[in-house]
Colleague: 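I'd like to ask some things about the structure below.
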Amino acid sequence: MDTISLNDIHRCCLCEIAIAQQHCDVCHVYLCKICVGKHISDEYYNHQIVPFEQRLRTLVYEKCELHSNEACELRCQSCDLVVCELCAASHKSKGHEIITLESIYEKKKTDIKKDFKELQTIISPTYTAIAKELKNQIDNLDEGYEKLATAISKNGKEWHRSIDIVINKMKKEVIEMKKKHKEVLEEDLLKIKQKECLIQQNLTTLSQLEKCNVVSEIMNYDSRNKKFNKRPPRVHISFPKFHPERVKMEHIYKMFGSLTPFHTNTSYGKSCIAKKLESLHRELIDLPKVIHKIHTESENLRSISFITKEEIWTSSASAGEIKCFDYDGNCRDRISTKSGEWPHDIAVAPDGNLVYIDGKLHNVNKVVDGQIDEIIKLPKWIPSNLCFITSGDLLVVFVDHLGIRSKLVRYKRSMKKQTIQFDQKRNPLYSGKKNMKYIVENRNNDICLADFDAGAVVVVNQAGNLRFRYSGNHGKSFKPFGIATNSQSQILTADGYNQCIHIVDQDGQFLRYIEDVRNPFGLCVDEHDNLFVTEYFKGDVKVIQYLMEVN
């Protein structure tokens with residue numbers, strides 16, 4: 001038999017004796033049946049008495065300042081004001097758009113439930129797992145540093161007693177390094193714990209808001225999940241190493257060896273939600289469908305980069321600016337290129353800053369706080385397209401100024417790290433002409449390049465060795481435009497001339513077409529693998545669902 005605690009029993013707020021059976025959703029007062037009449041006998045006529053089990057389901061609106069007996073249940077979108085029915089009439093006469101607050105309220109409630117679920121089931125557990133990992137590293141410090149000290153001692157026994165002072169000195173260095181190592185990990189752990197605390201506080205607030213029916217409080221809610229969703233920077237520390245040497249006695253300290261300090265490397269991973277969604281298995285559906293459209297009003301729409309539903313960057317070949325839209329098609333930001341020429345390609349760096357190729361200056365630029373800085377320029381080579389990969393490195397496709405050769409260069413913080421240009425037989429991997437060569441990294445770390453002039457998608461592995469070329473499947477001329485990959489390691493390529501999207505697997509085997517597109521150009525996918533396609537002439541972005549989750 002279920003037991004009911006005293007805390008679960010609510011007494012009538014008027015008599016303070018009887019158990020509450022009714023509730024006034026306007027006044028937030030618990031009432032017994034006898035006291036209901038007394039409560040509604042005051043001059044205030046707008047009481048909402050409901051059974052106790054159905055409390056807080058009646059929406060409470062603010063009173064109109066102009067019409068005291070009217071509630072503000074509507075919103076004028078044009079004036080950004082909440083209004084009553086009487087006020088709405090005058091706004092409608094001016095052609096203003098009027099919507100109900102209830103619709104906004106329901107959407108906000110849905111967002112609150114979604115945020116609560118994300119925090120509780122994905123984001124919070126991710127932080128907990130990171131904190132556990134850091135704690136394990138701290139717990140294992142003794143074992144690792146004991147091995148290091150043992151190695152030093154073993155080497156020291158082979159030496160004369162005259163070098164004992166050197167051994168003791170180096171052991172002290174180990175102890176100090178261990179102390180600093182621990183301090184770095186504990187500092188990182190503290191930051192994670194602080195974030196966990198903030199998440200728990202936000203969970204509590206969201207839990208309260210879920211039960212709240214006060215419109216003003218719900219309207220004031222502003223999601224913080226975007227802030228928490230970005231995975232925290234990780235500090236990766238390698239153990240120092242001892243390197244023994246055999247040299248002359250006069251250089252005894254140098255002879256004995258040296259300690260390599262631990263190396264600290266901060267990595268920026270994908271968002272907590274993106275990492276979770278990547279593990280899901282999805283299959284192609286029979287009939288891909290357009291689930292949304294974004295009207296950019298841009299001519300010759302080309303590149304697109306999806307970050308979140310509030311941050312979708314696009315660029316066109318008809319304007320020297322890059323635009324940021326939200327999912328509803330509102331333009332949130334505009335960035336003009338330094339030269340005024342249209343950008344050849346765009347990407348967003350792991351730190352959230354926009355990077356683009358200037359079509360006139362032939363360089364790669366980064367936009368930080370509105371300031372445009374050149375980060376890469378290669379004499380006699382023209383950058384064509386670019387993308388960032390999971391390691392945080394930047395891939396840039398270059399064509400020489402004569403239009404004869406092309407190559408792919410990998411950069412780490414503007415420093416050249418790798419060049420991919422030839423196959424194993426020293427034949428060029430890519431065509432040398434100056435047309436577009438969109439590029440993307442696959443989930444298996446393959447690098448996929450859509451070579452328009454070669455009429456092929458060229459795929460190489462991480463080392464730059466050719467894996468395969470995909471040259472189309474329908475027997476028609478194949479000229480690939482934009483390219484993207486999804487969580488299943490499938491490769492999607494825009495075939496603008498044949499009005500379709502090709503989908504192949506990670507080994508180049510054709511899977512299917514997506515055909516409900518007109519002049520497709522740029523491609524990208526969101527965290528749910530929905531495909532975003534720019535339509536070159538119409539200036540629209542189509543969002544297409546072509547995969548479904550399989551349990």
Side-chain angles (χ1 to χ4, degrees), residues 268 294 296-308 310-326 330-389 392-403 405-417 419 433-440 449 452 481-483 521-524 532 534 536 539 541:
Y268 294 87
I294 301 173
T296 69
E297 299 181 359
S298 299
E299 296 179 356
N300 304 331
L301 192 61
R302 289 170 57 101
S303 302
I304 184 168
S305 183
F306 177 92
I307 309 304
T308 67
E310 288 74 40
E311 190 178 358
I312 304 168
W313 290 94
T314 65
S315 66
S316 73
S318 60
E321 65 177 4
I322 305 161
K323 296 180 182 179
C324 179
F325 294 90
D326 61 23
N330 302 308
C331 186
R332 294 291 190 90
D333 197 3
R334 298 171 185 261
I335 294 174
S336 298
T337 61
K338 209 165 188 176
S339 68
E341 183 74 8
W342 60 275
H344 282 187
D345 203 1
I346 60 174
V348 177
D351 60 10
N353 291 309
L354 183 71
V355 175
Y356 75 91
I357 294 175
D358 194 301
K360 184 176 182 180
L361 300 177
H362 301 320
N363 61 3
V364 180
N365 298 280
K366 190 172 187 177
V367 185
V368 181
D369 297 328
Q371 181 71 31
I372 300 176
D373 297 316
E374 178 185 287
I375 58 173
I376 295 172
K377 188 174 179 68
L378 203 57
K380 297 184 179 181
W381 289 87
I382 301 171
S384 168
N385 294 89
L386 53 77
C387 77
F388 283 92
I389 58 178
D393 293 348
L394 174 63
L395 300 181
V396 184
V397 181
F398 288 96
V399 180
D400 70 8
H401 68 293
L402 298 176
R405 299 170 297 162
S406 62
K407 62 182 178 181
L408 174 63
V409 182
R410 179 179 177 182
Y411 289 92
K412 189 177 187 67
R413 299 189 185 93
S414 301
M415 298 296 293
K416 188 190 298 185
K417 193 174 179 181
T419 299
K433 295 184 179 180
K434 296 180 181 179
N435 281 319
M436 58 201 156
K437 293 176 174 61
Y438 278 96
I439 187 169
V440 71
L449 186 146
F452 178 87
F481 289 57
I483 190 167
F521 208 103
L523 302 181
C524 68
F532 286 65
T534 63
Y536 186 78
V541 176

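Only this structure's heavy atoms are used, side chains among them; waters, hydrogens and symmetry mates stay out.
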Colleague: Using the rule given for side chain to side chain contact (heavy atoms under 4.5 Å, CB included), can you reason through L449 versus I483, listing the C-alpha separation, both sets of side-chain angles and the distance that settles it, and then say yes or no?
Modeller: CA-CA 8 Å; L449 186 146; I483 190 167; over 6 Å; no
Colleague: Answer yes or no: is there a side-chain heavy-atom contact under 4.5 Å between E341 and D358?
Modeller: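 Touching, per the 4.5 Å side-chain cut-off.
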Colleague: Between atom CG of D393 and atom CE of M415, what is the distance when rounded to the nearest 0.5 Å?
Modeller: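 Answer for the CG-CE pair, D393 versus M415, is 12.5 Å.
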Colleague: Kindly give the heavy-atom pair with the smallest separation between I389 and R410, and that separation in Å.
Modeller: CD1-NE, 3.9 Å
Colleague: Working to the nearest 0.5 Å, report the span between OG1 of T337 and CD1 of I372.
Modeller: 7.0 Å
Colleague: Fit a plane to each ring of F306 and F532, take the angle between them on a 0 to 90° scale, and name the class: parallel (under 30°), tilted (30 to 60°) or perpendicular (over 60°).
Modeller: tilted
Colleague: Heavy atoms only: give me the nearest A319-P343 pair and the separation to one decimal.
Modeller: O-CD, 3.8 Å
Colleague: Are any non-hydrogen side-chain atoms of T534 and R302 less than 4.5 angstrom apart?
Modeller: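 They are not in side-chain contact.
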Colleague: Kindly compute the distance separating CD1 (I346) from OG1 (T314), expressed to the nearest 0.5 Å.
Modeller: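 Interatomic distance, I346 CD1 to T314 OG1, rounded to 0.5 Å: 6.5 Å.
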Colleague: Determine whether L394 and I376 make a side-chain contact, defined as any pair of heavy atoms from C-beta on separated by less than 4.5 Å.
Modeller: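 Yes - at least one pair of side-chain heavy atoms lies under 4.5 Å apart.
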Colleague: Under a 4.5 Å cut-off applied to non-hydrogen side-chain atoms, are H401 and H362 in contact?
Modeller: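 No, their side chains stay 4.5 Å or more apart.
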Colleague: What verdict does the side chain to side chain contact (heavy atoms under 4.5 Å, CB included) test give for L378 and V396, after you've listed the backbone C-alpha separation in whole Å, the side-chain angles of each residue and the deciding distance to 0.1 Å?
Modeller: CA-CA 11 Å; L378 203 57; V396 184; over 6 Å; no
Colleague: Would you say the side chain of F521 lies within less than 4.5 Å of the side chain of L301, judging by non-hydrogen atoms?
Modeller: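 The answer is no, as the side chains (C-beta and beyond) never meet within the 4.5 Å cut-off.
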Colleague: So which heavy atom on H344 is nearest to which on P383, and how close?
Modeller: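 So the two residues come closest at ND1-O, 4.0 Å.
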Colleague: On a heavy-atom basis, which atom in V355 and which in I375 lie closest, and how many Å separate them?
Modeller: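 In this case the closest contact between V355 and I375 is CG1-CD1, 4.3 Å.
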Colleague: Any side-chain heavy atom of N363 sitting closer than 4.5 Å to one from K338?
Modeller: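 Contact flag for N363/K338 side chains = no.
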Colleague: Determine yes or no for a side-chain-to-main-chain donor-acceptor pair under 3.5 angstrom, with K437 supplying the side chain and K433 the backbone.
Modeller: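 Present.
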Colleague: Just verifying a value: how many Å separate S303 OG and M436 CE, rounded to the nearest 0.5 Å?
Modeller: 9.5 Å
Colleague: The test is side chain to side chain contact (heavy atoms under 4.5 Å, CB included); show your working for L361 and E374 and say whether it passes.
Modeller: CA-CA 10 Å; L361 300 177; E374 178 185 287; 6.0 Å; no
Colleague: Take atom NZ of K360 as the centre, draw a 6.0 Å sphere, and report whether it contains more than 12 heavy atoms from other residues, nucleotides or ligands.
Modeller: no
Colleague: CG of N385 to CG of N435: how many Å apart, nearest 0.5 Å?
Modeller: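 Reported value, rounded in 0.5 Å steps: 10.0 Å.
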Colleague: Which residue in the set Y356, F388, W313 passes side chain to side chain contact (heavy atoms under 4.5 Å, CB included) when paired with V348?
Modeller: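 Looking at Y356, F388, W313, the match for V348 under the side chain to side chain contact (heavy atoms under 4.5 Å, CB included) is W313.
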Colleague: What I'd like to find out is whether the side chain of N353 reaches to under 4.5 Å of the side chain of V367, using heavy atoms alone.
Modeller: no
Colleague: Check D345 against L386 and note the closest heavy-atom contact, atom names and distance.
Modeller: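 Smallest interatomic distance, heavy atoms only, reads OD2-N, 3.1 Å.
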Colleague: Between T296 and K323, is there a side-chain heavy-atom distance shorter than 4.5 Å?
Modeller: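 Contact flag for K323/T296 side chains = no.
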Colleague: Say you draw a straight line from CD1 of I312 to SG of C524; how long is it, rounded to the nearest 0.5 Å?
Modeller: 7.5 Å
Colleague: Please report the shortest heavy-atom distance between S318 and E299, naming the atom on each side.
Modeller: OG-O, 2.8 Å
